[in-house]
Visitor: 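There's a structure below that I have some questions on.
In this text the structure is predicted, and so the values were computed from the model without any measurement. The basis for the numbers below is simple: all heavy atoms, side chains too, and nothing from hydrogens, waters or symmetry mates.
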There are 2 protein chains.
Amino acid sequence: MGSVTDGRDLTARATIRNAALRLFAERGHDAVTVREIASAAGVSPALVLHHFKSKDGLRAAVDAHAAESLDALFAELGGQELTEMLARGGASASVAEAFVQVFPSGSPLPAYLRRLLLTNDPAGAALFARWYATTRGVLDAMVESGIAAPTEDPAVRAAFLLVSDLAVILLREQIAAAIGNDPLTPTGLARWARDVTAVYTGGAFAAPGKEPPS
Amino acid sequence: MGSVTDGRDLTARATIRNAALRLFAERGHDAVTVREIASAAGVSPALVLHHFKSKDGLRAAVDAHAAESLDALFAELGGQELTEMLARGGASASVAEAFVQVFPSGSPLPAYLRRLLLTNDPAGAALFARWYATTRGVLDAMVESGIAAPTEDPAVRAAFLLVSDLAVILLREQIAAAIGNDPLTPTGLARWARDVTAVYTGGAFAAPGKEPPS
DNA sequence: CCACGTACTTAACAAATGTTTAGTATTTTG
DNA sequence: CAAAATACTAAACATTTGTTAAGTACGTGG
């Protein structure tokens, strides 16, 4: 009976929602049963259906809650923190960095973000659309202020930067296995960001007929 | 070759496996029932269990078949095609490019690759490990021949290039919605590759205290 | 104190699902 | 050709699943 109350005396509704968030993130919506969620939350299965009208209602509530948390996280990237970070020499702020800084290491949110983006549900699409819009805005500002290079296709540029960032979260386990560091830990992310910054500032390949960057 | 066509001269076993591949890719393993697979393949549910011992056995067979097709695809990238492409001025060969060239537009394999990498099953991890090893080898060769820039952390560099490439497949729908072109079509990919190549050859951001690339 | 709504549980139900059994066609093989 | 094996189906089985019914504890407002 792993009580998933995160330290605080949460309302039962929130406890259930948190348990569902964790289980959904770990194993996927369909592979988790209402009884498992209830057991993890320490309540009866019927109470789950009492608070949320159905399993799908619970899923919607979890989606909404996760999207809210994730948006709050991402919002910091678009705010003052961003320009501050950029001024300090970091090439860019990343979603991965925000994850490492804000969420505890065992947080189910990275895995849930994965599910949100993978399953073609509206919540995931909406989340991506919001983040993409923010990315475009930030990138425009960075070009304006001379931090980022202009491009003929800013839509693709912004999308590329965003998805390359998200890929770290989506493929976290595979990256960890490949390079020997979990990229969503401070150590791993520092190592990751170092080389990625090099690519973003100097490139990685030679232009046709030219020398590659040192 | 990875023939995904439901040609009528296929053995029933292959027909079932292809139907399962498509359904698994579209909706996920757990959301698809044996009866649905049987119906899609035009056979009785019991026959599915007769050929593959269980639903999980079918899943394993589909995993193996998909991994084989995908590996065949990726192998071309490591072979002669790669150096040929590179010589012709393309900055790099990508998995996405291979998908567009080899698979018909309605192929379930991109979506299945997504599931393979997302669900932490061993088949997906093994696939990524193989692809990562190939990527590292190719990158080393490219550095050797002066096409790619050397880096202090080749493990991260190779991982970054691979996952940024895979991200196009993983987030295909979201990218399509954002930029208005499906990146797994010739048109969309050409547009995508153009700007990504620019980043990979010249970077996207200014190094601290320097001007960004033009 | 009483009525009442909310939180909550136990127990059961109906549908769906993976799987099995038993049997029929069809192909292979000695 | 006979026999054995394989391909295949129809029907049932056992379990699991989401959901509901009915009832109990409990705090709140009148």
Visitor: Can you name the nearest heavy-atom pair linking A:A20 to A:V62, along with the distance?
Guide: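 Smallest heavy-atom distance, with atoms named: CB-CG2, 3.9 Å.
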Visitor: Looking at B:H51, I'd like to know whether one of its side-chain N or O atoms comes within less than 4.0 Å of OP1 or OP2 on D:dC8.
Guide: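 Yes, within the criterion.
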Visitor: Using the criterion of both pairing distances under 3.5 Å for Watson-Crick and G-U wobble pairs, give all stems of 3 or more consecutive pairs involving DNA chain D.
Guide: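 Listed by first number, the stems are C:1-30 with D:1-30.
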Visitor: How would you summarise protein contacts on nucleotides 9-27 of chain D per nucleotide, using B for base, S for sugar-phosphate only and - for none, with heavy-atom distances below 4.0 Å?
Guide: BB-B----BBBB-------
Visitor: Closest approach of B:L116 and B:A123, non-hydrogen atoms and distance?
Guide: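 Minimum heavy-atom contact is CD2-CB, 3.9 Å.
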Visitor: Under 30°, 30 to 60°, or over 60°: which ring-plane class applies to B:Y132 and B:F128, parallel, tilted or perpendicular?
Guide: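 Taking B:F128 first and then B:Y132, their aromatic rings lie parallel (interplane angle under 30°).
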Visitor: Relative to each other, are the rings of B:F74 and B:W131 parallel, tilted or perpendicular (30° and 60° limits)?
Guide: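 Rings of B:F74 and B:W131: parallel, under 30°.
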Visitor: Considering non-hydrogen atoms only, spot the tightest contact between A:D30 and B:D30 and give its length.
Guide: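 Here A:D30 and B:D30 meet closest at CB-CB, 3.7 Å.
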Visitor: If I compare all heavy atoms of B:V32 with all of B:R27, which pair ends up nearest, and what's the gap?
Guide: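 Scanning both residues completely, I find the closest heavy atoms to be CG2-CB, 4.0 Å.
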Visitor: What range of DNA chain C does chain B touch, first nucleotide to last, counting atoms under 4.0 Å from its heavy atoms?
Guide: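 On DNA chain C, the outermost contacted nucleotides are C:dT17 to C:dT20.
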Visitor: Around atom CD of B:E68, are there more than 12 heavy atoms of other residues, nucleotides or ligands at under 6.0 Å?
Guide: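 Not more than 12 within 6.0 Å, no.
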Visitor: Show your working on salt bridge (charged side-chain N to carboxylate O under 4.0 Å, His left out) between B:D153 and A:R191 and close with a plain yes or no.
Guide: CA-CA 8 Å; B:D153 199 338; A:R191 184 179 165 203; 2.7 Å; yes
Visitor: To the nearest 0.5 angstrom, please state how far the CE atom of A:M142 sits from the CG atom of A:L161.
Guide: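 So the CE of A:M142 and the CG of A:L161 are separated by 8.5 Å.
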Visitor: Over all heavy atoms of both residues, which pair between A:G203 and B:R157 is shortest? Give the atoms and the distance, please.
Guide: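 For A:G203 and B:R157, the tightest heavy-atom pair comes out as O-NH1, 4.4 Å.
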